[in-house]
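First comes the structure, then the notes that go with it.
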Amino acid sequence: MHILFVTSEATPWSKTGGLADVCSALPKTLSLLGRKVSIVTPYYRCVRDWFLKNRGAEPEAMYGVTLSAPMGKNECRGGVRKATLDGTNATVYFIEHNDFYGREGIYNYQGVDYADNFQRFAFLSRASLELIRRLSLEVDIIHVNDWQTALVPVYLDTLYRSRSRLDSGISFGRVAYPKITDVAGDDAPLFDRIKTVLTIHNLRHQGRFWRGAMDSLGLDWSLFSYDKMEFYGQVNYLKSGVVFADAITTVSPQYAQEIQTKFFGERLQGVLRERANDLVGILNGIDTEEWNPAKDEYIPANYDVEHIYPGKSECKARLQEELGLPVEPKTPLLGVVSRFDPQKGLDLVAEVAGNFIEQYGVQFVILGSGERELGDRFRGLAYRYPRNFVLRDTFSVALSHRIEAGADVFLMPSRYEPCGLNQMYSLRYGTLPVVHNVGGLHDTVVNGSEENIRAGIANGFLLYCFSVDDMTKALNWTLECYRHRPDDWQKMMRTAMSCDHSWQKSALEYDALYNKLLSKI
Ligand code: ADP
Ligand code: GLC
C-alpha cells in the first residue's frame with residue numbers, strides 16, 4: 001500500500017502548530033510499520049533555510065520534472081525537490097514555486113494572511129496530482145490535511161478519475177453532476193485506484209475565499225453550488241474536501257462528535273452530519289522519542305516514572321533560575337506553551353492569575369505569541385508581579401521542553417481543542433494538566449476527583465464549563481492536592497507518566513481505515 005500525504009506543514013522543515021508534528025510523525029510511524037509512504041509539501045523559504053543550515057545543501061532537484069497546472073488564465077509551473085524523511089525510507093517531494101512559496105512566512109507576513117493563499121494552496125493540491133502523473137506513481141491513498149490541501153479530493157474526483165465518487169449515489173440529494181473533464185487521459189488507471197482521506201485538524205480554519213476565486217482554480221463553475229464548494233456566497237475549501245473525500249477523519253473521537261453539533265460545528269455541522277458514516281475520530285499520538293523525559297537533551301536532568309526525583313525537582317529549580325523567579329521547591333509553578341489564539345482560552349489564565357499570585361504566591365510561566373491583546377495582558381501581569389509571573393513571547397522548542405519538565409502544572413483551558421499535543425507532552429513529563437473538558441483534552445485527561453484518584457486513573461484536572469468560576473474552582477482543587485495531598489499527587493504523576501500516547505496505536509487505526517477504503521469498490 002502506498003500512502004501519499006499532502007500537507008502544508010511538516011516538522012522539522014515548516015511548522016506553525018500541531019499539524020506539522022502530526023504530518024511527519026504519522027508518515028514516519030506508518031513507514032516504520034512497513035507501509036510505503038511519501039509526503040508532498042511546499043518548498044518554503046524556511047525549508048530551504050533548514051536544509052542549508054542542517055545539511056549544508058538544498059535537497060536534490062529533480063531536473064526535468066515540471067508540474068504544470070492551469071489556474072484560470074495562467075498556467076502555473078512548479079519544480080520538485082526530493083529528500084528522505086529522517087529515520088525512514090519515506091520520500092518527501094517538495095514543490096518548488098518561488099513566487100508562491102519563496103516568502104518569509106508560511107501563511108502570512110506579520111500577521112496578515114497572504115492575499116493569494118487561495119492560489120498558493122490550490123496549486124499545491126493540483127501539483128500533487130500532477131506529480132503522480134508525471135512520475136507514474138502508483139498511489140493507493142492520498143491523505144490530505146486541513147483546508148490547505150482539501151482541494152485534492154475535488155480535483156481528483158472531478159478531473160482525474162474516470163468515475164466520480166458522487167456518481168455512485170452516496171452523497172447529498174444533489175442535482176446534476178458536471179461532466180468529468182478527462183485531464184488524466186491515458187493515466188486514468190493511475191487515478192482510478194486512489195482513495196482519499198481528509199483529516200480535519202481544526203474546523204475553525206476553512207479556507208473561505210470570495211467566489212471569484214473559482215476563476216483561478218481550473219474547476220467548473222457548476223461546482224459552485226451549496227452542496228459542493230459554495231458556502232454562504234463564498235468558496236470554502238474545507239467544505240469542498242468534506243464533500244469529495246472518500247473518508248474524513250478528525251484528530252480525536254470526542255471532536256468527531258462535537259463537530260456535528262451546532263456549538264462546535266462552525267456552520268459545517270450539516271455537511272459533516274451528511275458524511276457521518278464516513279467520519280471517524282482518531283486520536284493523535286506524540287513523538288515519544290522527541291518527548292521523552294528520560295532522554296530529553298533540552299532539559300537539565302533526566303527522569304522517568306520509576307525515578308522521578310531528583311530529576312524533576314532539578315528541572316524545576318533550573319527553570320525557576322532561568323526565568324529569574326525565586327528558586328522555591330515548594331511554590332507551585334504553572335506553565336503554558338501555546339499559540340495566543342482565542343481557541344486556547346488563555347484569557348481565563350490572564351483573568352485568574354493575579355488572584356492566585358496574591359492569595360497563594362504561585363508562579364506562572366507563559367511561552368507563546370500571537371494575538372496582541374492577550375500578549376499585552378500577560379505583559380501587564382509580568383510587570384505587576386515580577387517575582388511570580390514570566391512571559392516569554394517567542395517560539396522556542398528548547399524552552400517548551402524545559403517548561404514541560406520543570407513546571408508542576410500545565411494549563412490548557414481551550415474553548416475547543418481538536419486534539420492538543422501539549423497536554424500529552426505534560427502527562428509524559430509528570431506535569432499535571434488542567435484542561436477544559438472538550439475534544440482531545442476530554443479524551444486524554446481523567447479528572448482528579450476523589451473517586452478517580454482512589455481508582456488510580458486520575459492524571460489531571462478538568463474544568464467542566466468554560467468560565468472564570470470553573471477555572472478558579474479547578475485551580476483551587478489542583479493546588480489543594482498539590483499542597484496537602486502529596487501522596488495523591490505522586491500517584492497522579494505516576495498515572496500520567498504511564499499513559500501511552502505513542503503513535504503506534506493511532507497509526508494502526510489509520511492503516512485499518514485505508515484498508516477498509518481500498519476494499520470498497
Ligand atoms: P495547535 O496546533 O492548535 O497550536 P497543539 O497542542 O496540537 O496545538 O500543538 C502545538 C504545538 O506547537 C506543540 O508541539 C507545541 O509545543 C508547539 N508550540 C506552540 N507554541 C509554541 C512556542 N511558543 N514555542 C515552542 N513551541 C510551541
Ligand atoms: C490543530 C489543533 C490541535 C491538534 C493539531 C494537530 O492545530 O488545534 O488541537 O492537536 O491540529 O492535529
Side-chain angles (χ1 to χ4, degrees), residues 299-301 308-338 340 344-368 374-393 399-400 402-413 422-423 426 429-436 448 453 458 460-463 467-493 496:
I299 63 179
I308 301 183
Y309 302 103
K312 187 153 171 74
S313 330
E314 177 70 12
C315 290
K316 177 171 175 180
R318 294 286 79 77
L319 179 64
Q320 288 172 319
E321 199 175 275
E322 172 182 355
L323 300 171
L325 292 169
V327 180
E328 297 168 351
K330 293 218 163 105
T331 301
L333 173 56
L334 282 50
V336 169
V337 178
S338 181
F340 293 172
K344 301 295 176 183
L346 296 174
D347 36 324
L348 287 189
V349 176
E351 201 69 42
V352 305
N355 264 343
F356 279 92
I357 291 172
E358 285 173 18
Q359 274 186 35
Y360 304 105
V362 301
Q363 299 176 339
F364 286 89
V365 50
I366 317 277
L367 169 64
L374 189 63
D376 287 344
R377 286 180 79 180
F378 287 144
R379 254 181 293 282
L381 285 159
Y383 181 75
R384 182 142 177 227
Y385 304 106
R387 291 174 58 82
N388 298 81
F389 196 100
V390 175
L391 167 69
R392 288 278 186 274
D393 54 351
L399 182 56
S400 73
R402 291 199 287 274
I403 292 176
E404 291 291 3
D408 298 299
V409 172
F410 191 88
L411 305 176
M412 202 162 165
N422 275 303
Q423 84 281 13
S426 307
Y429 282 67
T431 302
L432 300 188
V434 176
V435 306
H436 182 204
I453 295 178
F461 300 90
L462 290 177
L463 290 65
S467 68
V468 173
D469 238 24
D470 265 47
M471 183 74 186
T472 308
K473 267 193 223 141
L475 273 185
N476 271 326
W477 175 237
T478 306
L479 295 176
E480 166 74 19
C481 292
Y482 180 82
R483 288 164 176 240
H484 304 301
R485 298 168 162 237
D487 293 343
D488 287 343
W489 192 271
Q490 295 302 317
K491 188 170 168 187
M492 289 176 73
M493 280 173 85

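For the single chain, residues carry numbers from 1 onward in sequence order. Values below: all heavy atoms of this structure, side chains included; hydrogens, waters and symmetry mates excluded.
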Is any side-chain heavy atom of [X] less than 4.5 Å from a side-chain heavy atom of [Y]?
| X | Y | result |
| --- | --- | --- |
| Val434 | Leu463 | yes |
| Leu346 | Pro413 | yes |
| Met412 | Asn422 | yes |

Pair Tyr429-Phe410, ring pair (Phe, Tyr, Trp, His ring centres under 6.0 Å): steps then yes or no | CA-CA 10 Å; Tyr429 282 67; Phe410 191 88; over 10 Å; no
Short side-chain to backbone donor-acceptor contact, Lys312 and Ala407, under 3.5 Å = yes
Taking the side chain from Trp489 and the backbone from Leu432, do they hold a donor-acceptor pair closer than 3.5 Å?
->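 Answer holds: no.
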Shortest non-hydrogen contact from [X] toward [Y]:
| X | Y | result |
| --- | --- | --- |
| Tyr385 | Ile357 | CD2-CG2, 3.6 Å |
| Val468 | Val352 | CG1-CG1, 3.9 Å |
| Ala301 | Cys315 | O-SG, 3.2 Å |
| Glu404 | Ser426 | OE1-OG, 2.8 Å |
| Ala350 | Leu381 | O-CD1, 3.8 Å |
| Phe461 | Cys481 | CE2-SG, 4.1 Å |

Anything under 3.5 Å between a donor and an acceptor, one on a side chain of residues 321-332, the other on a protein residue two or more places apart or in another chain? List them.
residue, atom, partner, partner atom, Å
Glu321, OE1, Arg318, NH2, 2.8
Glu321, OE2, Arg318, NE, 3.4
Glu322, OE1, Arg402, NE, 2.8
Glu322, OE2, Arg402, NH2, 2.9
Glu328, OE1, Thr331, OG1, 2.6

For Arg384, what residues pass the side-chain contact (heavy atoms from CB on, under 4.5 Å) criterion, not counting sequence neighbours?
->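 Result, side-chain contact (heavy atoms from CB on, under 4.5 Å) vs Arg384: Glu358.
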For Asn476, all residues meeting side-chain contact (heavy atoms from CB on, under 4.5 Å), sequence neighbours excluded | Phe356, Tyr360, Thr472
When you look at Thr431 and Met493, which way does the side chain to side chain contact (heavy atoms under 4.5 Å, CB included) test go after all the steps?
-> CA-CA 7 Å; Thr431 302; Met493 280 173 85; over 6 Å; no
Apply the test side chain to side chain contact (heavy atoms under 4.5 Å, CB included) to residues Val409 and Leu333: give CA-CA distance (whole Å), side-chain angles for both, the deciding distance (0.1 Å), then the verdict.
-> CA-CA 7 Å; Val409 172; Leu333 173 56; over 6 Å; no
Is it the case that more than 12 heavy atoms not belonging to Arg485 sit under 6.0 Å from its CZ atom?
-> yes
How many angstroms lie between atom [atom1] of [X] and atom [atom2] of [Y], to the nearest 0.5 angstrom?
| X | Y | atom1 | atom2 | result |
| --- | --- | --- | --- | --- |
| Asp469 | Glu351 | CG | CD | 11.5 Å |
| Asp376 | Asp393 | CG | CG | 9.5 Å |
| Ser338 | Leu374 | OG | CG | 8.5 Å |
| Leu475 | Tyr482 | CG | OH | 14.0 Å |
| Asp408 | Leu334 | CG | CG | 7.5 Å |
| Leu462 | His436 | CG | NE2 | 9.0 Å |

Are any of the side-chain nitrogens in Arg377 or Asp347 under 4.0 Å away from the carboxylate oxygens of its partner?
-> no
Is any side-chain N of the basic residue among Lys491 and Asp488 closer than 4.0 Å to the acidic one's carboxylate O?
->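 No, Lys491 and Asp488 are not salt-bridged.
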Would you check if there is a donor-acceptor pair between the side chains of Tyr309 and Gln490 at a distance under 3.5 Å?
-> yes
Over 60° means perpendicular and under 30° means parallel, so classify the ring planes of Phe389 and Phe364, tilted if in between.
->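 Phe364 vs Phe389 ring planes: tilted.
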Yes or no on side chain to side chain contact (heavy atoms under 4.5 Å, CB included) for Leu367 and Val336, after CA distance, side-chain angles and deciding distance?
-> CA-CA 6 Å; Leu367 169 64; Val336 169; over 6 Å; no
